[in-house]
Amino acid sequence: MLKIENICLSFGKREILKNVSLHVNEKKIIILTGKSGAGKSTLLGIISGLMKPDSGTVFFNNQNIFKWSDLKRSRFRNRGMGFVFQFFSLFPEMTAYDNILYPAIFNPFTSKNIKKEISELVDFLGLSGIIHQYPSTLSGGERQRVAIARAIVNNPKFILADEPTGNLDNETTQDIIKLFIRLKTEKGISTIIATHEKKFVRIADESYNISDGSLTRIDGKNYKKKSATETQSHRV
Amino acid sequence: MIRYLIRNIKFFIKDLTKNIARALISSFGILFLMAFLVLYLSMRQSVKQFISEKLFGSLSINEITISPRTGSGRDVISTAASAENTIRPWAVQKIRAMKELTSVYTLTKLNYESKLNVDMLGKIKTPHAPVFGMDTGFFSGKIPRWEQFRNRKVLPVIAPKISLKLLNNYAAVRGLPQFTENMLTGYPGEIQIRTTGYGTAKSDEKKYIIQAELHSFTGDVDFYGILLPNEFIYDFVKIHGGDNKGVEGFSYIKIFAKIKDAKILPEITKKISEMNLSVESQSDVSRKMNQALDVIDGLFLLIGMVILILTILAIFNSYLIIVQNRSYGFSLKRVIGVSKFRIVFNFIIEAGLIGALYGVIGFYAGVYLTKYLSINISTWIPVLQGLIIEPAGNDMLFKAVMISIIISSSAAFIPAVFASNMNLFKAVKKVG
Ligand SMILES: Nc1ncnc2c1ncn2[C@@H]1O[C@H](COP(=O)(O)OP(=O)(O)O)[C@@H](O)[C@H]1O
Ligand SMILES: [Mg+2]
């Protein structure tokens, strides 16, 4: 579904990403680990099409997203994927409900039953009681669940999650992790989670580490390092 | 699709209502700009018309005035006549003989000491009043009953308009009612003319008393004294000139004429200039006036441009601040899949709506200001008495709104592009 190929990116003289390649298939949870400042967020930015790499490209269903117009890339972000961030995920001046509805506004294919769909989604995520509150009155876990609801309202193929549990306590973190697993099994949505917490690795279908700009696969708990290109040949 | 549009418009309006207050404050300057524009356009036309009417409304383009080219720059109107500051009789004859000219009228000055005897508000006054002469025909169409301005038993006198003003000032100071031209028509008086010079012994003095009455006032000739028919001047000098052989009885001081064909004006001017006289034509005056108006126009334009630039800068600046403040929202929108075009478009529509609103308000403010000005302007600037400023009409409203929309949305354009380039991946870096 997603093919990230030979991405290179430097800020000034600093090389952030060096020849990074990664394939993402349906129904997978992929973990990107790495120290703070390693380039995880930058890679997610490139996958979303919001940042352009110096070289290399991203294919979605075998189409080069950087050859698209801004409009087409915007549609891709709107319908092809969803986002969850550590902070700043919601519009503070909108209720939780309007936040969830927002991406559907820009989607001409939104069905007329959108209200019903959202209420199902709200039940699915256990948000029924708080839907008409503003983000500032919600707890961290509730906010993240609202953000996830918004991320999937247009039925995307995958979610990009940047430190989604960064400022949540342990219990809430477990809830959110379970949620990503349910999204995978019940809705077939893949998730790419960027995190500096190693504990995610155990729920991942594939785990990678970014360090010094290079992406390396981590196999389970063995931390056996292989180059990303090798991993690809394994998968074929 | 329709549902999609309705949903979008609903959300746009929701968005707008949240941001409108701040945006309204930041674009406030447009209001002044539009009010100024309306005021300026209303005033420009009226002032132009007023000036041209005031300056030469009664004169036509082919009229010329010929005056002595006084080396000293001193006008014979206020000083004694001499060969230098009068037009010599031979020159008058030559000018009268010119086939290219019609309606040649001469302004003359009697070179004897003269006084008026008038009963002014109960007191007999005998002010000095130099006597000037003018041809009857000159006033044709310029003043009522002009045909009666002839040498008659009771001599008709034309006074300068300024004297009516002086009289009214005098009356106002004493708490008396104001005089009108009609009230004073036919007002009797005597003119005293002494033909003999200052050194003459009392017994040899020759003094003549002439019965006179006020005929009218004029602003068409400039002179300081009283104006009598030339017929009288010529007769009087013919009869009494012998009293004092030392002075010329009268002098020509100005000639008014019309050129049959305005195209030959340069030739005529040259011919007359050779007689050491100066020629002023209305086309000269009108050219000068147009130049003056151009300067006024340019000045207004400059002020307008400065205000325009300041307004655009102010709006631009406050939109930039708005973009900064809303940068989080804009970048989040980008992440959720709102296109750059749409962000710019919404922003500009927002700015355009605000522009339209201020355009309407500014227009009415301008109209109100114009009305207020046109009522009060003559009390502030007395010269402008009689200036009627027509407020702009409703076709101007449309233009004002359009201009205002264009200004507002173009000032918002660059900030909008900035907004569309907001990137949460950069924003997160800044904040986090
Ligand atoms: N817009 C930018 N300009 C310059 N440097 C940047 C920019 N964005 C990120 N960086 C740098 O790139 C590096 C990688 O950042 P990031 O991808 O956010 O790391 P991570 O998410 O792994 O913590 C960091 O050192 C950061 O300072
Ligand atoms: Mg990061």
Side-chain angles (χ1 to χ4, degrees), chain A residues 11 36-37 40-52 69-95 98-112 114 147 150-151 153-154 156 160 162-163 166-167, chain B residues 1-23 322-350 413 416-432:
Chain A
F11 287 122
S36 179
K40 304 181 294 292
S41 299
T42 305
L43 184 57
L44 294 189
I46 289 170
I47 295 171
S48 71
L50 280 167
M51 290 174 103
K52 256 200 169 89
S69 66
D70 174 71
L71 188 66
K72 199 159 181 203
R73 264 200 304 280
S74 299
R75 283 188 197 139
F76 167 57
R77 272 195 295 282
N78 182 236
R79 295 161 220 167
M81 70 181 89
F83 281 88
V84 182
F85 295 100
Q86 176 179 4
F87 308 105
F88 317 114
S89 288
L90 304 173
F91 292 105
E93 74 278 9
M94 291 183 200
T95 60
D98 279 347
N99 264 289
I100 296 170
L101 177 66
Y102 200 76
I105 298 281
F106 298 102
N107 182 0
F109 301 110
T110 297
S111 88
K112 58 181 167 212
I114 184 69
R150 189 186 58 195
V153 73
N154 280 341
L160 299 178
D162 196 354
E163 313 271 5
N167 58 342
Chain B
M1 200 63 200
I2 291 170
R3 213 174 22 245
Y4 168 71
L5 280 177
I6 293 173
R7 262 203 311 265
N8 271 272
I9 291 168
K10 255 195 199 160
F11 242 83
F12 173 71
I13 293 170
K14 238 180 181 176
D15 237 23
L16 188 68
T17 50
K18 272 165 206 147
N19 305 321
I20 194 99
R22 200 186 284 158
I322 288 179
V323 166
Q324 286 302 320
N325 288 340
R326 278 157 66 181
S327 65
Y328 165 60
F330 285 122
S331 21
L332 198 52
K333 281 181 186 168
R334 288 287 289 151
V335 164
I336 284 166
V338 182
S339 64
K340 287 186 185 195
F341 174 80
R342 194 183 192 114
I343 288 180
V344 173
F345 184 77
N346 280 7
F347 210 85
I348 284 178
I349 293 284
E350 195 180 305
F413 182 73
V417 170
F418 282 178
S420 77
N421 279 313
M422 291 284 169
N423 188 331
L424 198 58
F425 291 92
K426 289 175 193 164
V428 168
K429 285 276 110 55
K430 261 182 221 140
V431 190

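Chain identifiers are assigned alphabetically (A, B, ...) following the order of the sequence lines, protein sequences preceding nucleic acid strands; residue numbering begins at 1 within each chain.
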Could you look at [X] and say if it's the side chain, the backbone, both or neither that has a heavy atom under 4.5 Å from chain B?
X      : answer
A:K72  : neither
A:A151 : neither
A:N154 : neither

- With a 4.5 Å limit on heavy-atom distance, are the side chains of A:T110 and A:R79 in contact?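 Of all side-chain heavy-atom pairs linking A:R79 with A:T110, none is under 4.5 Å.
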- Query: In Å, rounded to the nearest 0.5 Å, how long is the span from CD1 of B:I6 to CD1 of A:I105?
  - Reply: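 B:I6 CD1 to A:I105 CD1: 12.0 Å, rounded to 0.5 Å.
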- Query: Between A:F106 and A:Y102, how do the two ring planes meet: parallel, tilted or perpendicular, split at 30° and 60°?
  - Reply: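 Ring orientation, 0 to 90° scale: perpendicular.
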- Query: Where does B:R7 contact chain A at under 4.5 Å (heavy atoms): side chain, backbone, both or neither?
  - Reply: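 It is both, since atoms from each part get that close.
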- Message: Check this for me, if you would: do B:D15 and B:K333 make a salt bridge, where the nitrogen-to-carboxylate-oxygen distance has to be below 4.0 angstrom?
- Response: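 Salt bridge: yes.
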- Task: Could you have a look at A:A104, A:G82, A:P108 and say which one has the most heavy-atom pairs with chain B under 4.5 angstrom?
- Result: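 Winner by heavy-atom pair count: A:P108.
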- Message: Here's a test for you: under side-chain contact (heavy atoms from CB on, under 4.5 Å), which of A:N99, A:T95, A:D98 qualifies with A:L90?
- Response: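 Output: one option passes, namely A:N99.
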